[in-house]
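All figures in this text were calculated on a predicted structure; none of them were measured in a lab.
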Amino acid sequence: MRKPQLGIHVDPGTPPGRKALEITTSPLMNGEKSKLWDHIGGQSALASPMRREIGNRSMMRSFSADETDLEDLKTSKDKDRPSGSLRLPNIQNHSLLSGLAYCIASCSMILVNKFVLSGYGFNAGIFLMLYQNIVSVIIVSALSLSGVIPTEPLTWKLIKVWLPVNIIFVGMLITSMFSLKYINVAMLTILKNVANVLTASGETYFFKKQHDRQVWISLTLMIISAIAGGITDLSFHAVGYTWQFINCFLTASYSLTLRHVMDRAKEATRSGNLNELSMVLLNNVLSVPLGVILVLGFNEVEYLLETPLLRMPMFWLVITASGVLGLGISFTSMWFLRQTSATTYSLVGSLNKIPLSIAGIILFKVRTSLQNSISILFGLLAGVFFARAKLRGNSQS
């Protein structure tokens, strides 16, 4: 599942719906489906496998918080939150607990997706996305019907408004899955920064939004680190890099269109509001029929009928866990943002990429070099610098 991002850029972590809220971030990240709040930012937008991207399902899986205008997001969320929203138990040190839960969920989602696609050698990334969406729909629907969480009724009027952005969201999740199969986790987190560059440029070109010098410096550093990382990547794979750049373009498009669509979607609801949980449900429900069509279109059915993986109970347990983790990113993102400031949320999202990259290199025994390691660290620090510069600009404005 991937989650909507609000004002989101979606990474990667990502990984959006499913990364509905890697925003991608994205994000989702979509595994990255992270995006998905990777944007929400930003991978997101709502981001990424990673919306996820990140968010990116992390608020649209929505992958990675560093890709979103979180100060604006937190303000709008407070205004739109219904009085019957989910109330979490009062737990001591809840800020620390929520932050730890968010970090564990976002890192685990990406690593589990990488394990499924590369470790198991599973060659049906679209089916994996589809199954994760179905898991998210079942869980959110059950919670909504039992009265535990509030969601808006999914009317045809609302669906017609949301469908165009959902198509972008699905594309973001699928390309994230495809790229994750070929690219190691550390390089993926660096390449997702390209979505930040595209989003910031789009904001300036389409919406005349001005960014200060520190933002542009950090974006320049991101580009340099991505180029240097690709040149020194010992496991460079042209197909994986191509899918990831397409993912960055879709993540940026998701972030730039999401805010406008959200405003229209609120007018299409009965209450006049569209909370994050409703966006998660809406994104995942609409993703199911699109996923079925794509599974048939990419002829994954033949592979699914032949692969012995689907006859392994442990494999089903792993991919089900990936679906639960995708939804977990959405819930922990909202929980963490409510318990802390937008500044803390954004910086934690950026810093979270550092242990994720290290874990990805160690767990999957990635061949690396000193030059590649330096470029990865350079890109991760540029992401932290970018988050701080964005938040500084927001506070001044």
Side-chain angles (χ1 to χ4, degrees), residues 1-8 10 16-21 23-24 27-28 36-37 39-41 44-47 51 54-63 65 68-88 98 102 133 136-137 139-155 157-159 161-162 165-166 169 254-255 258-287 326-340 342 345:
M1 133 148 203
R2 314 209 182 207
K3 150 180 198 175
Q5 288 179 10
L6 310 159
I8 297 161
V10 198
R18 240 176 139 132
K19 235 236 124 117
L21 286 170
I23 251 150
T24 136
L28 43 145
L36 197 178
W37 290 345
H39 262 7
I40 104 174
S44 327
L46 276 165
R51 140 333 132 146
I54 30 142
N56 119 97
R57 296 182 175 103
S58 155
M59 298 285 275
M60 304 287 264
R61 219 133 123 168
S62 118
F63 319 25
T68 309
D69 251 340
L70 285 169
E71 297 290 357
D72 294 340
L73 172 60
K74 188 170 175 64
T75 300
S76 63
K77 282 175 60 181
D78 290 338
K79 292 180 179 178
D80 297 338
R81 188 180 301 148
S83 58
S85 60
L86 177 64
R87 296 184 182 278
L88 295 164
S98 61
Y102 165 68
N133 281 331
S136 297
V137 170
I139 295 176
V140 175
S141 298
L143 293 175
S144 178
L145 292 174
S146 63
V148 176
I149 62 174
T151 56
E152 287 290 329
L154 302 185
T155 63
K157 182 179 180 182
L158 179 59
I159 290 174
V161 171
W162 198 264
V165 75
N166 182 259
F169 174 71
Y254 185 75
S255 301
L258 183 61
R259 173 72 70 179
H260 174 65
V261 172
M262 284 177 59
D263 291 339
R264 292 176 53 209
K266 289 176 184 177
E267 298 174 358
T269 62
R270 297 177 182 176
S271 66
N273 291 319
L274 186 65
N275 60 32
E276 299 94 330
L277 295 171
S278 296
M279 284 186 280
V280 171
L281 180 60
L282 180 59
N283 250 4
N284 284 277
V285 167
L286 294 183
S287 297
L327 182 59
I329 294 175
S330 302
F331 283 105
T332 55
S333 293
M334 291 182 284
W335 182 23
F336 187 32
L337 187 56
R338 287 173 182 172
Q339 303 302 328
T340 62
Y345 178 87

For S144, what residues pass the side-chain contact (heavy atoms from CB on, under 4.5 Å) criterion, not counting sequence neighbours? I149, T151
Distance-only side-chain donor-acceptor flag, S287 / N284, under 3.5 Å: no
Distance (rounded to the nearest 0.5 Å) between K266 NZ and M262 CE: 5.0 Å
Whether T269 side chain and L274 backbone form a donor-acceptor pair below 3.5 Å: no
Are any of the side-chain heavy atoms of V285 and W162 separated by less than 4.5 Å? no
For S278 against P150, the heavy-atom pair lying closest together: OG-O, 4.3 Å
Euclidean distance, L281 CG relative to L154 CG, rounded to 0.5 Å: 5.0 Å
Under a 3.5 Å distance rule, please check whether N166 uses its side chain to pair with a backbone N or O of F169 as donor and acceptor. no
Might you point out which heavy atoms bring A268 and L158 nearest each other, and give the distance in Å? CB-CA, 3.9 Å
Taking all non-hydrogen atoms of both residues, which atom of R270 and which atom of E152 are closest, and how far apart? N-OE1, 3.8 Å
Measure the spacing between CG of L282 and CE of M279 and express it to the nearest 0.5 Å. 9.0 Å
Closest non-hydrogen atom pair between L327 and S136, with its separation: CB-OG, 4.0 Å
